[in-house]
Asker: 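This structure is in structure tokens; I'll ask about it shortly.
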Amino acid sequence: MKNIRLEIFKKASLCRNFENELYKKVQDKIIKFPVYLSAGQEFIASSIAVKMQELNISPDIFIQHRGHSTYLAFGGDIYSLIDEMLGRKSGCANGMGGSASIQCKEKNIYGHDGLMGNQVPIGVGACFASKTPTVIFVGDSAAEEDYSLSSIGWASTKKLPILFIVEDNNLSILTEKKVRRNWEMHDVATGMKVKSYDIKDDPMEIYDHLKNSFNEPILLNINTVRKFWHAGAGTDGENFDRYKEEMNFFGKEGREIDEYNNKLVLGAWKKQLEKQ
Amino acid sequence: MEKTVRETIKDITRIHLLEKKSMCFGQCLTAVGWVGGTLPELYEDDGMVEVATSDVANGGFVVGAGLKGIRPIYVVRYQGFQWYNAPIIVNYACKSKEIWDIPCPIFIRSIAMEGAIGPVAGSSHHSLFQRMPGSKIIAPMTPKEYQYSYDKFMKDDDVYYISEHRRSYDNTLELEDIIYENADFTLFPISITRFDAEKARLKLEEEGYKINIIHQLWIKPFVFKDEWKKALTGSKYGAMVLDDDYEEGAASSIAHNMMIDVCKKVYTFGLEHRTAGFHPDVDNLPPSPEAIVEKVKFIINQNS
Ligand SMILES: Cc1ncc(C[n+]2csc(CCOP(=O)(O)OP(=O)(O)O)c2C)c(N)n1
Ligand SMILES: [Mg+2]
């Protein structure tokens with residue numbers, strides 16, 4: 001099991017280092033459009049990606065605007081992602097997608113159009129048409145959209161092989177969940193006869209909940225903590241940081257992995273900036 | 001017996017599902033009536049897909065199917081429901097090729113009805129799609145035009161908004177343009193107004209006016225053909241674009257394009273800018289032959 005936890009950490013470490021560096025690039029005004037950093041939430045995509053590798057499944061993946069970690073965890077090319085941040089035609093979304101609308105054709109990651117929750121019905125429809133195993137990521141706020149909810153209902157009716165992942169950071173920009181609603185996503189989904197679980201972003205907890213993926217629709221509401229601001233480079237202070245906890249768990253090996261990914265990310269940025 | 005528009009749609013759908021292995025999505029498709037008899041009696045295993053009463057999400061399901069390259073048909077009955085069905089199609093399917101290089105062709109059968117349906121569902125709403133990029137809009141009213149629309153769609157990779165009208169389903173006739181060297185006035189009718197514009201033209205001719213009629217199949221892209229420009233240039237009192245939608249939309253935009261190209265006044269005549277009620281006295285229908293005759297004569301008298 002330690003191996004799996006380590007594999008997840010390796011992916012998460014790449015994601016975290018990418019976001020940390022991007023944070024600096026935004027601060028340095030090298031990037032001048034809104035950037036949605038996923039630091040703090042990287043164990044969600046990383047755990048799922050490792051499980052998919054183990055199951056030997058390449059699912060169709062539908063992401064939301066905060067998708068860098070999903071892109072990287074599922075093996076999206078870092079150079080194309082950097083080029084996208086630089087608005088280049090060689091970017092993963094032709095330089096049109098910015099941070100919010102990235103895609104990766106090679107890894108079946110479909111881009112988001114910026115309208116919160118659209119990816120839920122689109123992913124459900126794509127799965128209905130192709131019957132391909134599908135993972136749909138959605139924020140705790142976007143999951144509230146009426147069309148997100150009815151899509152989960154239709155996926156249940158049609159028994160589609162979909163994993164709904166609610167990335168629940170308790171925030172819609174800066175508005176907390178308790179201000180917006182008095183119900184929980186996993187309860188609603190359960191009411192729609194979808195097997196649903198409310199869990200933490202603990203990698204092994206996520207991993208363990210993916211055992212029976214794709215026999216039927218499943219929803220995981222995963223509680224997590226966003227490290228940076230909704231958009232751009234800023235932080236609201238010190239919060240619980242799963243990354244630090246996992247790195248400490250692995251001790252020296254963890255620090256080495258972190259260092260390795262830090263170098264990898266810096267090298268990739270250097271190379272792409274020199275290309276100009 | 002000649003083929004109706006209804007039979008044409010039915011045959012196209014059968015081929016699209018059974019031979020091309022595609023899907024047709026919509027609400028209450030497999031019930032009595034089969035969408036005005038335009039659908040073959042097929043079920044989910046054949047690709048005839050009943051969606052729930054979740055109009056916004058349903059548009060998204062069809063986009064997902066479109067992304068998978070199956071070229072789905074989407075039946076939206078009636079066009080007024082596009083206000084709920086359009087958002088994900090317009091914001092994702094219509095942009096997907098430009099942003100992500102992934103075309104998302106969808107054949108949207110958007111059906112207008114004759115009226116008596118109150119504030120919600122009557123008439124056409126193609127202008128809703130017209131103002132946003134990434135879609136093509138066509139309003140076939142004859143069997144050949146419908147077949148042409150489908151054939152075009154199958155060779156293209158865009159979202160096609162097919163602005164249908166129930167009143168055309170029984171039609172077997174093709175509609176011809178009439179263009180004179182020196183006409184008094186020119187009618188450019190769209191959708192169901194084409195039938196009543198033709199009636200109005202005949203009436204006006206009986207009264208001694210020379211009236212061109214140039215049928216508008218394509219709403220978007222609007223291509224102003226040279227022969228139409230010539231006809232408008234020679235049309236003494238200008239022209240009028242007739243539509244089954246509100247005038248403040250496709251009709252005004254097309255009229256504007258015409259006026260930029262040819263220095264003639266081009267009027268519009270469509271639904272009145274008010275809400276429709278149920279009773280015939282308060283309904284809001286496309287211009288009748290009598291109303292068209294009256295408006296054309298008014299314009300001519302005002303300018304002579
Ligand atoms: C349809 C739509 N409504 C509202 C917005 C404005 N908006 C942008 S981000 C956001 C909050 C998203 O929160 P969540 O889904 O929880 O994702 P998170 O940002 O927390 O990752 C909102 C409401 C939008 N982009 N699209
Ligand atoms: Mg959130």
Asker: Kindly assign one of parallel, tilted or perpendicular to the pair B:Phe25 and A:Trp154, based on the angle between their ring planes and the thresholds 30° and 60°.
Answerer: tilted
Asker: Let me confirm one number: the OG-CD1 distance from A:Ser151 to B:Ile88, rounded to the nearest 0.5 Å.
Answerer: 7.0 Å
Asker: Under 4.5 Å heavy-atom distance to chain B, tell me which part of A:Asp60 shows up: side chain, backbone, both or neither.
Answerer: side chain
Asker: Counting heavy-atom pairs under 4.5 Å with chain A, which one of B:Val62, B:Ile102, B:Asn58 comes out on top?
Answerer: B:Ile102
Asker: Can you tell me if B:Trp83 has over 12 outside heavy atoms packed within less than 6.0 Å of its CH2?
Answerer: no
Asker: Around atom NZ of B:Lys144, are there more than 12 heavy atoms from other residues, nucleotides or ligands closer than 6.0 Å?
Answerer: no
Asker: How many angstroms lie between atom OH of B:Tyr92 and atom CD1 of A:Ile122, to the nearest 0.5 angstrom?
Answerer: 5.5 Å
Asker: Got A:Asn94 and B:Glu98 here, is their nearest side-chain heavy-atom distance under 4.5 Å?
Answerer: no
Asker: Does CZ in A:Arg180 sit with more than 12 non-hydrogen atoms of other residues, nucleotides or ligands closer than 6.0 Å?
Answerer: yes
Asker: Does any backbone or side-chain atom of A:Phe62 lie under 4.5 Å from a heavy atom of chain B? Answer side chain, backbone, both or neither.
Answerer: side chain
Asker: Tell me, side chain or backbone of B:Val51 under 4.5 Å from chain A's heavy atoms, or both, or neither?
Answerer: both
Asker: Can you establish whether the number of heavy atoms outside A:Trp229 located under 6.0 Å from its atom CH2 is more than 12?
Answerer: no
Asker: Highest number of heavy-atom pairs under 4.5 Å with chain B: which of A:Cys127, A:Gly123, A:Ser148, A:Ala129?
Answerer: A:Ala129
Asker: Given the rule in the salt bridge (charged side-chain N to carboxylate O under 4.0 Å, His left out) test, do A:Lys158 and B:Glu50 qualify, once you have shown the distances and angles that lead to the verdict?
Answerer: CA-CA 11 Å; A:Lys158 299 295 172 189; B:Glu50 287 288 353; over 6 Å; no
Asker: What do you reckon, is NZ of A:Lys131 surrounded by more than 12 foreign heavy atoms closer than 6.0 Å?
Answerer: yes
Asker: Dump the intermediate steps for side chain to side chain contact (heavy atoms under 4.5 Å, CB included) on A:Phe128 and B:Val49, then the final yes or no.
Answerer: CA-CA 10 Å; A:Phe128 180 83; B:Val49 185; 3.5 Å; yes
Asker: Quick check on the interface: out of B:Ile99, B:Val56, B:Val63, who has the most heavy-atom pairs with chain A under 4.5 Å?
Answerer: B:Ile99
Asker: How many angstroms lie between CH2 in B:Trp100 and CG in A:Asp113, if you round to the nearest 0.5 Å?
Answerer: 5.5 Å
Asker: Just wondering, more than 12 heavy atoms not from B:Lys3 lying within 6.0 Å of its NZ?
Answerer: yes
Asker: So for B:Lys68, is it side chain, backbone, both, or neither that comes closer than 4.5 Å to the heavy atoms of chain A?
Answerer: side chain
Asker: Rounded to the nearest 0.5 Å, what separation is found between the CG atom of B:Asp101 and the NZ atom of A:Lys105?
Answerer: 4.5 Å
